Amino acid sequence: MTRARPILMRIAQVIPVVVGVVIISFILTRALPGDPAAYFAGDAADEASIAEVRAKLGLDEPLPIQFLYYVGDLLRGDLGQSLTTGQSVAADLAQRLPASLELTLCALILSCGFAIPLGVLAATRPGSWVDHLCRVLVTAGVSMPTFFTGVVLVYVFYYLAGIAPSPLGRLDFIYLEPERVTGFFLIDSLLAGDFETFFAACRQLILPALTLALFTLAPIARMTRAAMLQSLSSDFIRTARAAGLRRRKVLFGYAFRNAMLPVVTTLGMVFSFTLGANVLVEKVFAWPGIGSYAVEALVASDYAAVQGFVLAMALLFVVLNLVIDLTYTAIDPRIGFGSR
Amino acid sequence: MSIAETHRRQSTLDHIVYVLRDNPVTLVAFAMFAVLILAAVFGPSLVPYDPLASDATKALQPPSAAHWFGTDNLGRDVFSRVVVATRLDLLISVAAVALSFLVGSALGAAAGYWGGWLDAGLSRILDTIMAFPLFVLAMGIVAALGNTIENIIYATAIINLPFYARLVRAEVNIRRESGFVLAAKISGNSNLRVLALHIFPNALPPMMVQVSLNLGWAILNAAGLSFIGLGVRPPTAEWGIMVAEGANFIVSGEWWLALFPGAALMLAVFTFNLLGDGLRDIVDPRRRT
């Protein structure tokens with residue numbers, strides 16, 4: 001039972017953060033340019049109908065009461081109506097979230113699969129060509145604007161090489177969307193046993209995922225290298241080597257497991273950047289996720305949709321940080337949350 | 001100037017020369033920074049064409065001797081537009097970083113010096129800001145405040161604020177009880193004077209590194225916002241919006257529209273990142289990577 005307490009404490013720490021997020025998002029909603037009531041009533045509205053809309057939206061109440069209304073709406077899962085799609089924002093977001101998650105997760109898997117081995121190799125062979133490659137990639141990676149990387153990849157692989165399909169969405173129009181089970185095309189098409197659609201979805205996915213992966217590569221590789229270097233130079237590694245343990249055992253059993261902790265922390269931060277970069281990448285590749293939904297809403301001044309998106313992203317990020325902190329206890333049982 | 005002071009100046013200068021000689025990359029970064037500043041200050045008066053003048057007969061020409069970076073879909077000279085955009089891009093990021101530097105310093109120093117509810121309240125607010133994915137928060141702020149360049153600056157400043165405030169708070173907090181601070185207080189200096197003139201200057205070196213690393217990030221952020229159509233409006237020349245406009249032509253092979261502004265953006269960010277790393281070597285040799 002000693003393990004359960006710190007976990008519960010950590011979960012309790014989420015509450016003030018969620019309250020803060022909701023307050024900020026309420027402030028952002030109230031800061032709409034102009035009068036929200038006049039905005040929602042439409043251009044042709046006269047004074048009387050604007051006042052009616054104001055009363056209906058609760059905008060004539062004092063701010064604390066309005067805040068309670070807002071929280072009440074949120075608790076019922078009501079993020080307001082989108083003006084462009086005519087549906088509720090929550091339904092729109094739920095509809096489009098799998099596309100974004102599929103892209104983000106594939107990108108993160110891709111970049112971890114490359115960055116972590118690269119960082120480990122660079123740390124075990126300082127000064128070698130792997131180390132230099134790692135340094136060049138890290139420095140270039142943090143300077144590359146994501147949207148620019150995407151545009152360059154489209155030019156090279158679609159226009160010049162002709163390998164990639166046109167950068168328009170999740171599936172070429174000649175294929176039918178697989179039946180919606182999870183909303184992830186890769187999983188749904190496999191569940192339906194439709195390998196042709198699976199490969200078509202893969203082909204559409206690879207360039208945007210690569211763009212995002214290149215963006216996240218730098219921080220992960222940098223952190224892995226630094227953490228491995230520190231871990232390899234510590235006393236317990238020297239002891240393990242002196243005790244005659246095999247190189248592989250020392251490297252992966254001892255050094256790598258200890259180096260994973262800061263890497264997992266970095267992953268949380270990287271995910272924050274990825275959620276932002278997602279918006280840009282989705283715009284470049286016309287990917288029908290929540291990022292491009294927010295961009296369309298911004299262009300159309302559909303503020304309810306934008307604020308719903310911001311709030312949903314923040315909550316997603318809070319939950320993710322919680323999950324990362326909890327996985328700590330799985331990786332490293334020494335961690336206690338009470339001290340922090 | 002006393003002998004000891006001359007000696008200290010000398011050794012600081014020696015240290016900078018030593019670091020620069022040891023790391024020529026930092027020297028290159030300073031040179032690139034100078035080029036950027038020159039382009040921002042003198043660019044608009046040096047460029048060969050008017051960045052806004054369109055000429056339908058010369059639309060979408062590839063790079064040539066007359067148009068070094070080619071022309072865009074309205075026949076505007078891409079080279080002139082890329083150079084002229086330097087001023088606006090640097091202006092947005094410098095203004096945003098300066099704003100978060102000033103506000104962050106004041107808030108962080110007060111919280112670190114006096115502590116108490118001020119510290120607790122500020123920490124809560126900063127934690128809440130950091131709980132948002134920052135680019136997404138910037139989008140939300142611009143959407144709420146209105147779609148203008150000033151609001152891009154405010155949004156970028158707000159999302160950068162926590163980094164400065166936390167740094168200053170930590171630097172001030174560890175020195176609050178130290179000997180030189182007590183000595184200054186006993187000599188009759190007011191709290192504000194001790195904080196501003198005795199403690200805060202100690203936080204400046206790490207702050208400078210943060211500023212330099214942050215500038216690159218602020219440029220990326222502002223360009224990203226204008227890439228999705230916020231803030232800067234066409235036909236204004238700005239790197240992010242130029243890449244966005246050029247992206248429509250990349251699928252038909254007109255690469256020069258998006259490539260050159262994108263490369264300029266990358267170069268600027270790269271310069272600030274190198275500069276930040278170089279400054280860190282000068283300021284704090286232990287944290288060299």
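The structure displayed is predicted, hence computed values, not measured ones. Throughout, a chain's letter reflects where its sequence line sits, starting with A, and its residues are numbered from 1.
- A pairwise comparison of heavy atoms in B:Pro133 and A:Ala314 identifies CD-CA, 3.8 Å as the closest pair.
- Classified by interplanar angle (parallel below 30°, tilted 30° to 60°, perpendicular above 60°), the ring pair B:Phe227/A:Phe147 is parallel.
- Put simply, of A:Val306, A:Val279, A:Leu316, the one with the most heavy-atom pairs under 4.5 Å next to chain B is A:Val279.
- Contacts with chain A were tallied for B:Ile125, B:Leu137, B:Ile219, B:Leu265; B:Leu265 has the most, counting heavy-atom pairs under 4.5 Å.
- In this structure, CE in B:Met139 is found 12.0 Å from CG in A:Leu28, a value given to the nearest 0.5 Å.
- Top candidate by heavy-atom pairs under 4.5 Å with chain B, chosen from A:Val154, A:Ile24, A:Val318, A:Val295, is A:Ile24.
- Atom CG of residue A:Asn321 and atom CE of residue B:Met130 lie 9.5 Å apart, to the nearest 0.5 angstrom.
- Looking at A:Phe273, the atoms closer than 4.5 Å to chain B (heavy atoms on both sides) all sit in the side chain, from C-beta outward.
- Counted within 6.0 Å of OH on B:Tyr154, heavy atoms from surrounding residues, nucleotides or ligands total 12 or fewer; the atom is thus considered open.
- For B:Trp239, no part lies under 4.5 angstrom from a heavy atom of chain A.
- Counting all heavy atoms, side chain and backbone alike, A:Val21 lies closest to B:Ala131 at CG2-CB, 4.0 Å.
- Residue A:Phe157 qualifies as open at atom CZ: its count of foreign heavy atoms under 6.0 Å is 12 or below.
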Checklist entry - Between B:Leu259 and A:Tyr155, does a side chain to side chain contact (heavy atoms under 4.5 Å, CB included) hold up when you go through it step by step? => result CA-CA 10 Å; B:Leu259 184 86; A:Tyr155 180 68; over 6 Å; no
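- You'll find the side chain of B:Trp255 stays beyond 4.5 Å of the side chain of A:Leu160, heavy atoms only.
- The candidate from B:Gly224, B:Ala268, B:Ala247, B:Gly229 with the greatest count of non-hydrogen atom pairs under 4.5 Å with chain A is B:Gly224.
- When each of A:Ala226, A:Pro145, A:Ser25, A:Ala277 is scored by its heavy-atom pairs under 4.5 Å with chain B, the top score falls to A:Pro145.
- Only the side chain of A:Leu298 comes within less than 4.5 Å of a heavy atom in chain B; its backbone stays farther off.
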